[in-house]
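Reviewing the structure listed below.
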There are 2 protein chains.
Amino acid sequence: MNEKVDDKALQTAYREQYPYQPFLEAMRPLTGKWKVEIMWALAQRTHRFGELRRALPGITQHMLTVQLRELEADGLVKRTAYEEKPPRVEYEITEAAHGLRPVFEALIAWSKQYGPMSRN
Amino acid sequence: MNEKVDDKALQTAYREQYPYQPFLEAMRPLTGKWKVEIMWALAQRTHRFGELRRALPGITQHMLTVQLRELEADGLVKRTAYEEKPPRVEYEITEAAHGLRPVFEALIAWSKQYGPMSRN
DNA sequence: CAGCATCCCAAAAGATACTG
DNA sequence: CAGTATCTTTTGGGATGCTG
């Protein structure tokens, strides 16, 4: 009944001693093939839907819509639709999302230091 | 022939002015359901295969193997097999991987500041 | 113990056509 | 212009059985 005490202690250590869950929580809203790129573009300036589409060569209209909706639901992007004809919709990053900059910067710094690690 | 000059300029800006590619390059080796958790565990100390398995409840043997192999190929994890019977294999993070700590910390700091953003 | 080989499934992403 | 609706494809991950 107690041969696995060490394992249990291990698990407790991981989950309680370190900000384990917060890390995973923080990563989740950015998972998706295009989300980081979208955030990157919006971090530069506000974009219209079509601008964003052209700024991300290869993305489909469908995927851009889907991922923007998810980013919006996660509070990282703000969508503003203007009732005009033809319609105009603008996307910008939220205040909360600006806080991600240090993360991006740290990651880039690391990437530069250790160089591109190509797997293939 | 030149109505799209603005778009081209935009793309150039994203890809040349900002460390766009480095960022994506840096993220790639960490994509995979368990990689961050594996790195987290190994950041605490060296683990044997079985220890790692027990430390990550829910992971399958198959996935642990696959993701460890990828992390190894990306130079984030070092694998050492001892020729014993029964066999013993130890995993540890590499020097390069230690540089990721600031990234993790920045992400966690951001996560704490803006709280958990639940989508559901 | 630490795995590899297979087969299978669900989720994510892409292609295409259509619309307020 | 900025989407939505469907359908198909791809990818990642899981289950199971076998082995040096």
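Bear in mind the structure is a predicted one, so any value in this text is a computation, not a measurement. Chain A is the first sequence line, chain B the second, and so forth, proteins listed ahead of strands; every chain is numbered from 1.
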Could you tell me the separation between the [atom1] atom of [X] and the [atom2] atom of [N], rounded to a whole number of Å?
| X | N | atom1 | atom2 | value |
| --- | --- | --- | --- | --- |
| F49(A) | dA2(D) | CZ | C1' | 6 Å |
| L64(A) | dA2(D) | CG | P | 10 Å |
| E72(A) | dG3(D) | CD | C1' | 13 Å |
| E37(A) | dA13(C) | CD | C1' | 14 Å |
| K85(B) | dG3(C) | NZ | P | 16 Å |
| R88(B) | dG3(C) | CZ | C1' | 16 Å |
| E51(A) | dA2(D) | CD | P | 8 Å |
| E83(A) | dC1(D) | CD | P | 17 Å |

Sugar-phosphate means primed atoms, P, OP1 and OP2; the rest is base. With that split, encode nucleotides 5-20 of chain D 5' to 3' as B, S or - using protein heavy atoms under 4.0 Å. BB------BBB----B
With rounding to the nearest 0.5 Å, note down the distance linking CG in L42(A) to NZ in K78(A).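 If I round to the nearest 0.5 Å, the distance is 12.5 Å.
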Quick check for you: to the nearest 0.5 Å, what is the distance between M63(A) atom CE and K35(A) atom NZ?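 These two atoms lie 10.5 Å from each other.
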Short N-O contact, R48(B) and E90(B), less than 4.0 angstrom: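 Answer for the salt bridge query: no.
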Run the salt-bridge test on R45(B) and E51(B) with the 4.0 Å N-O cut-off and return the result as yes or no.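 Counted as a salt bridge, because a side-chain N and a carboxylate O are separated by less than 4.0 Å.
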Give the minimum heavy-atom separation between A106(A) and A106(B), together with the two atoms involved.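 The answer is CB-CB, 4.5 Å.
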Taking all non-hydrogen atoms of both residues into account, name the closest pair between L68(A) and V77(A) and its distance.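 Minimum heavy-atom contact is CD2-CG1, 4.4 Å.
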Distance test, side-chain N/O of [X] to OP1/OP2 of [N], below 4.0 Å:
| X | N | value |
| --- | --- | --- |
| R54(A) | dA2(D) | no |
| Y91(A) | dG3(D) | yes |
| R48(A) | dC1(D) | no |
| R69(B) | dC4(C) | yes |

For a 4.5 angstrom cut-off between non-hydrogen side-chain atoms, does E83(B) reach R88(B)?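 Result no, sub-4.5 Å side-chain heavy-atom pair not found.
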